[in-house]
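We count residues from 1, following the sequence as given.
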Amino acid sequence: MKQETDTENQVLPQAELFAVMNESGRFQFMSLNSEEHLGFTSAEFIGTSMKDYVHKDDLFLVESYFYNEHHLHPCTFRFLMKNGTFIWLEATVDFIKTTSAKMENQIVLKIKLLKSSEQENRSKPVQLNNPLLIDEAKEINLYAEELLKRMPCPLFISQKGQLCYVNQALIDLLGGSSKEDLLGLDVLDIIDHDYHDIVKNRIQRMQRGSYVGLIEQTWRRLDGTPVEVEIKAAPTLFKGQPAELVVLIDISSRKKFQKILQKSRERYQLLIQNSIDTIAVIHREKWVFINESGVKLFEAEDYPDMLGKSIFSSLDPEYHEQVKEKMHNIVHLRTDVEITKQSWHTYKNSTIYTEMVCIPTTYFGEPAVQVILRDISDRKKAEELMLRSEKLSVAGQLAAGIAHEIRNPLTAIKGFLQLMRSAGKGEATYFDIVFSELNRIELILSELLMLAKPQERILKETNLYTLIGDVATLLETQAIMNNVMIVHQHPQDQMWIKCDQNQIKQVFINLLKNAIDSMPKGGKVTLSSGKEGDYILVRVIDEGEGIPPEALKKIGEPFYTTKEKGTGLGLMITYKIIENHKGSISIESELGRGTVFTLKLPAAEAGKN
């Protein structure tokens with residue numbers, strides 16, 4: 001450390017930096033000279049957290065200083081440089097508060113670097129020859145010693161670090177038997193080595209009449225045991241010479257509690273970060289904290305994608321009012337906990353369903369909401385499958401009973417009607433209508449029986465390209481009669497799947513019929529196919545009126561249909577057949593533009609080569 005020069009009037013500029021942080025303690029701005037003094041560029045600071053740079057032993061001091069907004073004195077702490085070493089800083093802070101719910105409060109930092117090799121701008125030099133100061137010193141000498149001796153907190157007066165006066169509280173703190181055990185000692189002899197440079201710097205500054213900030217240090221008792229202290233110091237005069245008045249507060253118990261609290265906080269943070277559930281904090285309807293599971297749940301790239309963003313940008317509009325009400329209850333402490341379910345849109349436009357637990361918390365002293373989000377998408381899908389299974393079961397039981405009960409009398413009615421028709425009794429037009437409706441009833445019964453009775457599947461490798469062509473040829477006449485053109489788009493003529501040919505034909509018959517029926521004024525049905533990994537995709541695209549969004553969710557349910565004379569059984573059977581073939585069906589529809597049914601079926605070995 002450089003020694004102070006004899007040129008008392010020499011004034012060298014001290015390094016200063018300015019920074020702006022948000023409420024989360026993340027840097028939003030850092031002055032450009034940061035690279036010169038700290039090694040990090042201003043751009044490297046942006047978005048990083050203040051706590052990542054503060055020495056772990058000073059972290060609690062800094063957090064308390066900012067949180068309590070108690071700034072009568074600057075705060076002195078150690079700050080990490082890019083080369084891995086720590087430098088002592090002295091910081092003062094100011095808060096820029098806003099009443100707007102859309103904007104965050106900001107913290108402005110004014111930072112001084114306390115390098116022992118530097119000299120700071122000083123205030124007016126202490127004029128030791130001033131008669132008023134000399135008289136005042138003489139007067140203080142008369143009663144100061146008795147007053148200081150009775151002070152309940154440990155204190156001492158030193159000159160250039162050498163103890164000149166100690167009170168009884170300091171003697172007790174350091175384990176001495178009398179003041180002679182301490183007088184004449186250098187403070188560096190009883191202060192932990194890690195703090196020597198900053199102590200030297202502070203002594204030099206007080207010798208020049210400058211005030212120094214609050215700091216925590218580790219001292220050593222006379223028996224060598226450590227004691228944690230908080231130091232408040234100021235320049236003074238002792239026997240007419242510049243001196244340092246230092247007051248100590250024993251914070252050993254507090255530091256021990258801080259360490260316990262810090263370990264507890266670390267365990268808590270570890271628990272939060274490794275939780276399989278999303279844990280987040282919402283302040284003023286914005287995400288201000290979210291753990292790793294939450295970033296993955298919402299399929300975001302990283303934390304900045306979400307932090308500071310409104311929660312309602314991802315929440316399904318259907319749940320906006322519900323969630324607002326729940327959070328309002330928590331923030332205003334009307335309830336201790338709120339539980340609700342909702343759906344969200346992720347950053348990759350997929351939909352997730354969650355169960356959310358809300359509890360009250362605080363964020364920089366203001367009410368906030370801590371939430372736990374559990375992904376119940378799989379559970380919801382399972383519930384939907386169970387519900388559909390129950391509906392299928394009920395439909396199957398109904399189908400079995402209805403089919404057997406109706407088919408026998410239906411056969412008799414149809415036979416007698418044929419006899420009456422052959423005998424020439426009745427109007428021929430009426431017979432045509434009755435037979436048409438009877439045939440329709442028989443078709444419904446056949447579909448019901450297929451639903452009710454497990455069909456034996458005969459699986460064999462089939463060229464799907466040929467099968468689609470056969471079905472299109474079968475329905476081509478019906479398409480022409482409805483002014484509908486069937487267009488094929490197949491880049492390959494070899495698409496092998498292992499299936500029951502009759503059942504898959506039934507699937508395409510149902511889909512093509514629906515497509516034709518959806519275009520009463522005519523149009524075009526496009527059949528396209530292609531490969532996607534180990535699957536073959538087939539799309540049936542129509543130019544019909546489209547399906548309303550609320551109806552899309554019910555497609556495939558028994559007896560639900562958008563057609564005036566439909567039963568809903570055709571698509572239900574289609575879904576069941578595809579499911580049995582370990583495939584899937586997805587639907588996209590836009591009102592006025594048409595509908596796309598996409599079938600995804602596993603390719604057979606022949607189709608994978």
* Kindly indicate, with the supporting measurements, whether the criterion side chain to side chain contact (heavy atoms under 4.5 Å, CB included) is fulfilled by Leu188 and Val199. => CA-CA 8 Å; Leu188 297 181; Val199 169; 3.9 Å; yes
At what distance, to the nearest 0.5 angstrom, does [atom1] of [X] lie from [atom2] of [Y]?
{"X": "Tyr165", "Y": "Ile157", "atom1": "OH", "atom2": "CD1", "value": "7.5 Å"}
{"X": "Leu155", "Y": "Ile231", "atom1": "CG", "atom2": "CD1", "value": "11.0 Å"}
{"X": "Ile272", "Y": "Thr278", "atom1": "CD1", "atom2": "OG1", "value": "12.0 Å"}
{"X": "Gln342", "Y": "Gln322", "atom1": "CD", "atom2": "CD", "value": "6.5 Å"}
{"X": "Ser34", "Y": "Glu44", "atom1": "OG", "atom2": "CD", "value": "8.0 Å"}

* Check whether NZ of the Lys or CZ of the Arg Lys324 lies under 6.0 Å from the centre of the six-membered ring of Phe312 and within 45 degrees of that ring's axis. =>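 Output yes; distance and angle both within limits.
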Can you confirm if the aromatic rings of [Y] and [X] lie within a centre distance of less than 6.0 Å?
{"X": "Phe45", "Y": "Tyr53", "value": "yes"}
{"X": "Trp287", "Y": "Tyr303", "value": "no"}
{"X": "Phe79", "Y": "Trp88", "value": "no"}

* SB check Glu338 Lys326 (cutoff 4.0 Å) ->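 Counted as a salt bridge, because a side-chain N and a carboxylate O are separated by less than 4.0 Å.
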* **Residues Glu90, Arg205: salt bridge by 4.0 Å N-O rule** =>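 Answer for the salt bridge query: yes.
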* Using atom types as modelled and distance alone, determine if a side-chain donor or acceptor of His196 lies under 3.5 Å from a backbone N or O of Ile191. =>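 Here the side-chain-to-backbone pair exists.
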* If only atom types and distance count, is the side chain of Asn167 paired as donor or acceptor with the main-chain N or O of Leu170 below 3.5 Å? ->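 Between the backbone of Leu170 and the side chain of Asn167 there is a qualifying donor-acceptor contact (under 3.5 Å).
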* Asked: Only one of Lys200, Arg78, Glu216, Gln217 clears side-chain hydrogen bond (donor to acceptor under 3.5 Å, both in side chains) with Tyr195; which?
  ->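 When Lys200, Arg78, Glu216, Gln217 are each tested with Tyr195, the side-chain hydrogen bond (donor to acceptor under 3.5 Å, both in side chains) holds only for Arg78.
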* To do: Identify the residue among Asp192, Asp57, Thr218, Asp250 that makes a side chain to side chain contact (heavy atoms under 4.5 Å, CB included) with Glu228.
  =>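 Going through the options one by one, the only one that passes is Thr218.
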* ring pair (Phe, Tyr, Trp, His ring centres under 6.0 Å) partner of Trp344, the single match among Tyr353, Phe298, Tyr319 ->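 The ring pair (Phe, Tyr, Trp, His ring centres under 6.0 Å) with Trp344 is passed solely by Phe298 among Tyr353, Phe298, Tyr319.
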* To do: Provide the closest heavy-atom pair for Met81 versus His37 in the form atom of the first, atom of the second, distance.
  =>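 It is CE-O, 3.2 Å.
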